[in-house]
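Given the structure is predicted, the values throughout are model-derived calculations rather than measurements. First listed ligand is number 1; within each ligand, the first listed atom is number 1.
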Amino acid sequence: MSHTIDQAYQHLKSVLTDQGVDVDNVEARLKAQQIETPSWGYADSGTRFGVFKQAGVPRSVYEKFEDAAQANKFTGVASSVAVHIPWDTVDSWTELNKFAASLGLRVGAVNPNVFQDYDYRFGSFGSERADVRKRAVSHMKDCIAIMNAVGSKSLSLWFADGTNFPGQGDFRRRKRYFQEALSEVYAELNDTQTMLIEYKPFEPGFYHTDIADWGMSAALCTALGKRAKVLVDLGHHLPGANIEHIVAFLLDAGLLGGFHFNNRKYADDDLTTGSINPYELYLIYSELVAGENDGIASDVAYMIDESHTLKNKIEEMIQSLVALQSAYAKALIIDRGKLFQAQLADDIVGAEEVVKAAFATDVRPLLWKVRSELGVPNPADPVVGFRQSGYADAKAKERGIGGGGGLGA
Ligand code: AFD
Ligand code: MN
Ligand code: MN
C-alpha cells in the first residue's frame, strides 16, 4: 500500500507543482494545523430521548484526556482539549496540566456552564433576578481563575438564555443585562485571553435566544473591546445560512474568534464534521486560507464541538479531524491567481470551475505524507489505525459501561 500511495503522492505533487502550487508551503501549513477537541465529545451523551451509554467511556476528565490523546495520536493535529466547568472540575489543575503534558496535550478553552443548574431555568445573564445574574458572573470569574491556572487563552461562552413565548421576556432589558454582565467578566481577562461569544438561533429557547445570530454576538463583542470575538458554531445557523460568507465578513471585521466544528442536517445536530456538507466546510476553509494569506486569520481558535451519541466517540472525533485536514488541504491548493482573474472578468463559470477543481482533488496522498511526517501510526487511514490499535476494546474492559455521565458530566 505505502508503495502505491507514495507513487500517488509523487504524482499529485508533480501535478500541483505544474499548476503553480507551492507544495512545500501547503505541507508546512498542514503540519502546523491545530484543532482542539472537546472533553465532552468523549463522554456519554445523547438526546432528550435518551443517553445510550457505551462501554469504555471515560469516567473522569483524566480518562477524557487519555482518549483525546488517541485522537491526537492518530491525526497529529489535536494537541489541546477544551474543558467544561463544572463537568471537568478537578482538585488540582496543576496535576491535570502535568497529566495532559505527559500525553502531549494541553488544556485549551474553558467553557463555563450557565445552562444546566435549576437557578438558570429562566436565564443566566438574561435573568430578571439580579442574584442569578450575579451567580453566573461569579461562575465565570471562577472559570477565569482556572484559565489563569492552566494557561488557557480562551473563555468560550455559550448561553442557553432565551424564552419560549412572546411576552415572556423583554428583549432590550435582557440585552442590557447581558452587556452589563459581559463587561464585568471581560474586565477580569488578562491581555493574553480572549472572550469567545457563541450564538445560536434556538434551543433550548424555542421563541427567542438572547444571542441568536452572528450580528448580535458581533455587536456585543464590539461593545466590549478587542479581546471579545465571535465564535461560529457550524450547527448554529438556520437552514440555508451562508456560513462561509459570515466567516469572511467576520474575518474582515477582525471579529472572528473561532469555530465549533460539527455538521448539521437540520440544526445543532452535532453530527460529524464534514459528514453532511463537506463542500460548505471546504468553502469555509477557502475563506480561512484567504484570510491567512492576507495575514488576518492568525489567532482563530479552531475547535470541534460535538456531543457524540451512537458512534464510537474517538472514531467520530478522528473522522472529524480528518475532514478538517482534508478541507484545509483542498482550500490550500486553490489556484487563487486564476480565480482572481476569472472574478475580475466576471467569468462565472471560470471562477466556479477553479473552486470546484480544488474540491474535486483527491488530497489523501498529501495528507498521508503530512501525517507520516507527523509520526501518525497509520497515516493513510487514521480510523483504521485507531481500530487496529485495540485501544477501544482495552478501555471497554478496563472502564466498563456507565462510568461517564450524560452530556459530558
Ligand atoms: C451545546 C450548545 C453549544 C455549546 C456546547 C458546549 O449548543 O454549542 O458550545 O453545548 O457547551 O452544543
Ligand atoms: Mn458550540
Ligand atoms: Mn451546539
Output field for angle at the Mn ion (ligand 2), Asp233.OD2 vs His260.ND1, rounded to 10°, should show 110°

Could you go through Asp335 and Leu339, starting from their C-alpha distance and side-chain angles, then the distance that decides it, and tell me whether this counts as side chain to side chain contact (heavy atoms under 4.5 Å, CB included)? CA-CA 6 Å; Asp335 185 337; Leu339 180 60; over 6 Å; no

So the angle subtended at the Mn ion (ligand 2) by Glu198 atom OE2 and Asp305 atom OD2, rounded to 10 degrees, is 160°

* Do Arg174 and Tyr177 meet the cation-pi criteria used here (NZ or CZ under 6.0 Å from the six-membered ring centre, within 45° of the axis)? -> no

Q. Can you find a side-chain donor-acceptor pair between Trp40 and Glu306 that sits under 3.5 Å?
A. no

Original post:
Can a cation-pi geometry be assigned to Arg129 and Phe122, taking NZ or CZ under 6.0 Å from the six-membered ring centre and within 45° of the ring axis?
Top reply: no

When distances are taken from atom 6 (C) of ligand 1, the protein heavy atom at minimum range is His84 NE2, 3.5 Å

Atom 7 (O) of ligand 1 sits nearest the protein heavy atom Lys200 NZ, 2.8 Å

Per-atom filter on ligand 1: closer than 4.0 angstrom to a heavy atom of His260 are 9 (O)

among protein heavy atoms, the one nearest atom 9 (O) of ligand 1 is Glu198 OE1, 2.8 Å

Q. Do you see a donor-acceptor pair shorter than 3.5 Å between the side chains of Ser152 and Gln193?
A. no

for atom 5 (C) of ligand 1, nearest protein heavy atom and its distance come out as Asp305 OD2, 3.3 Å

The atom name of the N, O or S atom in His236 nearest to the Mn ion (ligand 3) is NE2

Rounding to 0.5 Å, atoms CD (Glu373) and CG (Leu30) come to a distance of 11.0 Å

Honestly, for Glu203 the part within reach of ligand 1 (heavy atoms, under 4.0 Å) is neither

Would Asn111 count as being in polar contact with ligand 1, using the rule that some N or O on each side must be under 3.5 angstrom apart? no

Would Asp270 count as a contact for the Mn ion (ligand 3), in the sense that one of its N, O or S atoms lies under 2.8 Å from it?
no

Looking at ligand 1, is there an atom of it that comes within less than 4.0 Å of some heavy atom belonging to Asp233? yes

**Message:** Under a 3.5 Å cutoff, is there a donor and acceptor pairing between the side chains of Asn262 and Thr273?
**Reply:** no

- prompt: Tyr282 ring centre to Lys330 NZ or CZ under 6.0 Å, with the angle to the axis within 45°?
  reply: no

Taking only non-hydrogen atoms of His236 and a 4.0 Å limit, the atoms of ligand 1 in range are 3 (C), 7 (O), 8 (O)

At under 4.0 Å between heavy atoms, what of Asp268 touches ligand 1? The answer is side chain

Separation between CG (Leu255) and OG (Ser217), nearest 0.5 Å, reads 8.0 Å

